[in-house]
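Worksheet: the structure to be examined is printed underneath.
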2 protein chains.
Amino acid sequence: MQEMRTEPTYAIGEFAAKVGLSAPTIRYYEREDLLKSHREANGRRYFTDTDVNWVRFLLHLKGTGMSIQDLKQYVEWRAQGDETIPNRLTLLKETRNDFMEKYREVQHHLQILNDKINWYQNKEAGKTTSTEPFAEYLKRIGHSE
Amino acid sequence: MQEMRTEPTYAIGEFAAKVGLSAPTIRYYEREDLLKSHREANGRRYFTDTDVNWVRFLLHLKGTGMSIQDLKQYVEWRAQGDETIPNRLTLLKETRNDFMEKYREVQHHLQILNDKINWYQNKEAGKTTSTEPFAEYLKRIGHSE
DNA sequence: TGTTGACTTAAAGTCCACTTTAAGATGTAA
DNA sequence: TTACATCTTAAAGTGGACTTTAAGTCAACA
């Protein structure tokens, strides 16, 4: 009794929905060589769960700030084999460094946003001298610049 | 003995440098009504430290994800007086909500990036079966999706 | 079998946030 | 006074990452 397991395949629309992109974006990524599709006899693309994982991984990298160009470079090196691992590591570490810098910056931006929200809320609650400027408020609670 | 203190003023180039933008960007922001400049008799713009603080504040808001359009709305409400404080608070809180959502997303992206860097490093150090796929590695160390 | 929806391609269009260009006026240093 | 930097404007251009259009093929269902 033999069990037949066939890997599920997805047409471009279903695939796009699965990874949270649009079908045109999938075609665009393919043109940019970020991913390869398989074709049915009739010329239509199909994708597998491996492709789903691949695109999801790409989107994680993209989400850390890598541009399409960065991703292309990464994919190109990947295709060249293990001797490009040092290159890939360098690229990923640079990505992480850039990310961490921006991360610290946005935390500061968030701090100021929170301060401003609190300032408005205090102002509405009458807890602040109605004329105290925001800059003064920031000094008073210990946030500057 | 009277001390004469004159507020320092900055020409557009100096001002732009002070806030980390280009002079054309300052003019662009002015066109978009995000800031107002003062003019010398000869028609040239000048700016004060108050303007410096204002632009820096705008850049903090922008850094949390507010678009130029959002900022315009904020500035417009601000000009309309205290009765628009609820509107402003709503806008800032929405900004914060959007920010926090993206913040959590990028933390996840960073996690995957770190995992991949570690995976490459282990691979280079021979600490991982040379054929173990990244997906398996993620499962093994407890990160999925 | 007809019609609706999903697919195919190449090329053009869009959005955002600037940036660059062009042509000219004015300020500053040698 | 001669350079040269810096300023002025309006308008056009740019880059990145898609998105939309147009014209056509193919599939799935009533």
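The figures that follow rest on heavy atoms only: side chains count, while hydrogens, waters and symmetry mates do not. Here is how names work: the chains are called A, B, and so on, in the same order as the sequence lines, proteins then strands, and each is numbered from 1.
- Using a 4.0 Å heavy-atom criterion, one finds that B:Ala23 contacts no nucleic acid atom at all.
- Residue A:Arg39 places its side chain closer to C:dT9 than to any other of D:dT9, C:dT9, C:dC7.
- For the residue pair B:Thr48 and B:Asp51, a side-chain donor N or O sits within less than 3.5 Å of a side-chain acceptor on the partner.
- When ring centroids are compared, A:Tyr46 and A:Tyr10 stay outside the 6.0 Å threshold.
- As a whole-Å value, the separation of B:Glu32 CD from C:dC16 C1' is 11 Å.
- When the P atom of C:dT14 is taken as reference, atom OH of A:Tyr28 falls 18 Å away, rounded to whole Å.
- Straight-line distance from the CD1 atom of A:Ile12 to the C1' atom of C:dA6: 10 Å, rounded to whole Å.
- Listed nucleotides: D:dC7, D:dT20, C:dT19. Nearest to the side chain of B:Pro24: C:dT19.
- Judged by atom type and distance alone, B:Arg45 does not reach the base of D:dC7 through any side-chain donor-acceptor pair under 3.5 Å.
- With D:dT19, C:dA17, D:dC7 as the candidates, the nucleotide lying closest to the side chain of A:Thr25 is D:dT19.
- For A:Tyr103 and B:Tyr103, the gap between ring centers is short of 6.0 Å.
- Between the CZ atom of A:Arg27 and the P atom of C:dA11 there is a distance of 16 Å, given to the nearest Å.
- Rounding to whole angstrom units, CD of residue A:Glu14 and P of C:dG5 are separated by 18 Å.
- The distance between atom CG of B:Leu58 and atom C1' of C:dC18, rounded to the nearest whole Å, is 16 Å.
- For D:dA27, its base never sits under 3.5 Å from the side chain of A:Arg44 at any donor and acceptor pair.
- The A:Ser67 side chain lies nearest to D:dA17 when the options are D:dC7, C:dC7, D:dA17.
- Here C:dT19 is the nucleotide among D:dA27, D:dT8, C:dT19 with the atom lying nearest to any side-chain atom of B:Arg31.
- Note on A:Tyr29: only backbone sugar-phosphate atoms sit closer than 4.0 angstrom, heavy atoms only; bases stay farther off.
- D:dG16 atom P lies 7 Å from atom CD of A:Gln69, rounded to whole Å.
- Taking both residues in full, the closest heavy atoms of B:Ile68 and B:Lys62 are given as CD1-CE, 4.0 Å, listed atom of the first, atom of the second, then distance.
- Proximity of A:Lys62 to the phosphate of D:dC18: a side-chain N or O atom is located under 4.0 Å from OP1 or OP2.
- What separates CG of A:Leu71 from C1' of D:dA17 is a distance of 12 Å, to the nearest Å.
- Distance from the side chain of B:Asn42 is smallest to C:dG27 among D:dC18, C:dG27, C:dT8.
- If you find the closest nucleotide of DNA chain D to A:Leu21 and to B:Tyr46, the one lying nearer the 5' end belongs to B:Tyr46.
- Using modelled atom types and a 3.5 Å distance limit, the side chains of A:Arg88 and B:Tyr120 yield a donor-acceptor pair.
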